[in-house]
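Note on naming: letters A, B, ... go to the chains in the order of the sequence lines (proteins, then strands), and numbering restarts at 1 for each one. What you see is a predicted model, and the numbers here were worked out from it, not measured in a lab.
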Amino acid sequence: MTRIEPEFFLRDDVIKIACELIGCSIHTNINGHKVSALVTETEAYNGVHDKAAHSYDGRFTERTRTMYRPAGIAYVYLCYGIHHLFNVVVGQQGDPKAILLRAIWPLSGMEVMHSRRGKELLEHKIGSGPGTSSEALGIKTSHNGTDLQGDVIWLEERIVQPKENDIIVGPRIGVDHAEEDAELPYRFRLLPSTTKQLLNGALVEDRIHGNP
DNA sequence: CAAACGATTTTCT
DNA sequence: GAAAATCGTTTGG
């Protein structure tokens, strides 16, 4: 499979990139544990003009510093004191845009994911939210700033090709405070049934049992 | 320096 | 449906 290059993330249209990431795969190699999963849900955070973004109105703090760094690195922050939320920084350096990974579908490394999550969960429950996705992948705030061209966390090009109608577009979750921007259609997702269809037959078995 | 709070998840009623 | 868990970041005095 082909790794996604920095140019992909360097573009300005964070909304488009968030949509294009659906169907790509995310890979981690952490503490000797290799894991991979399909990206099934993302949210775009559109920089300084987006009231839902940490970087709204140019806010530059110790935490948001990462969003101003070059495209193609990880922005990981702690949410509610418990959850390590993983984002990809996109756009021109200094233009603080990011995409939140909100859900994944496991492809390989099921046992590792199960042990990290503490249970033998069904496939659609392994990474059914941004916090659980990071947990399954082993991503923590210590990975903040990680270059996605390295060998710890990376993304690869689409392994399934969703049709336009396969991707459900709607408002983002948990951003009610963002006034009019709370309703923007910046959330993209595949339903579990659609995901299963796209990953059908032998391919699924291969991936779940660890073949690249 | 104190206090409030959050791009969430799980559990309990 | 309500509430707890839990802590770094942010903001205000």
Separation of A:L155 CG from A:I4 CD1 (nearest 0.5 Å):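 The CG atom of A:L155 is 5.0 Å from CD1 of A:I4, to the nearest 0.5 Å.
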
Using atom [atom1] of [X] as one end and atom [atom2] of [N] as the other, report the distance to the nearest whole Å.
| X | N | atom1 | atom2 | value |
| --- | --- | --- | --- | --- |
| A:I173 | B:dG6 | CD1 | C1' | 15 Å |
| A:E183 | B:dA7 | CD | P | 17 Å |
| A:I15 | B:dA7 | CD1 | C1' | 14 Å |
| A:R59 | B:dC5 | CZ | P | 15 Å |
| A:Y80 | B:dA7 | OH | P | 6 Å |
| A:R117 | B:dT11 | CZ | C1' | 14 Å |
| A:E62 | C:dT11 | CD | P | 13 Å |
| A:E135 | B:dT8 | CD | C1' | 12 Å |

From [options], pick the nucleotide closest to the side chain of [X]?
| X | options | answer |
| --- | --- | --- |
| A:L78 | B:dT9, B:dA7, C:dG8 | C:dG8 |
| A:R63 | B:dT8, C:dT9, C:dT11 | C:dT9 |
| A:T132 | B:dG6, B:dT10, B:dA7 | B:dT10 |
| A:H83 | B:dT8, B:dT10, B:dA7 | B:dT8 |
| A:I82 | C:dT6, B:dT9, C:dT10 | C:dT6 |
| A:T61 | B:dT9, C:dT9, B:dA7 | C:dT9 |

Residue-phosphate contact under 4.0 Å: A:R102 side-chain N/O, B:dT8 OP1/OP2: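 Affirmative; the distance criterion is met.
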
Stacking check A:Y45 vs B:dA7 (5.5 Å / 30 deg):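 Stacked: centres under 5.5 Å apart, planes under 30°.
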
Distance under 6.0 Å and angle within 45° of ring axis: A:R11 vs A:F8: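 Yes, a cation-pi geometry holds between A:R11 and A:F8.
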
A:R63 charged N/C atom sitting above A:Y75 aromatic ring, 6.0 Å / 45°: no

4.5 Å side-chain heavy-atom contact, A:R65 and A:F60: yes

A:E111 atom CD, neighbour heavy-atom count above 12 within 6.0 Å: no

Within 6.0 Å of CD in A:E180, more than 12 heavy atoms from elsewhere: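 Atom CD in A:E180 is crowded, with more than 12 foreign heavy atoms closer than 6.0 Å.
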
Watson-Crick and G-U pairing of DNA chain C, under 3.5 Å, as dot-bracket with | and [ ]: |||||.||||||.

Donor-acceptor pair between A:T194 and A:D166 side chains, under 3.5 angstrom: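 No, no side-chain donor-acceptor pair sits under 3.5 Å.
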
For [X], which contact category applies under a 4.0 Å heavy-atom criterion: base, sugar-phosphate, or nothing?
| X | answer |
| --- | --- |
| A:L100 | base |
| A:K51 | nothing |
| A:R65 | nothing |

Base B:dA7 paired with A:H54 side chain (donor-acceptor, <3.5 Å):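 Side chain to base: pair present.
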
Sub-6.0 Å ring centroid separation between A:H54 and A:Y77: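 Here the rings of A:Y77 and A:H54 have centres that are less than 6.0 Å from each other.
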
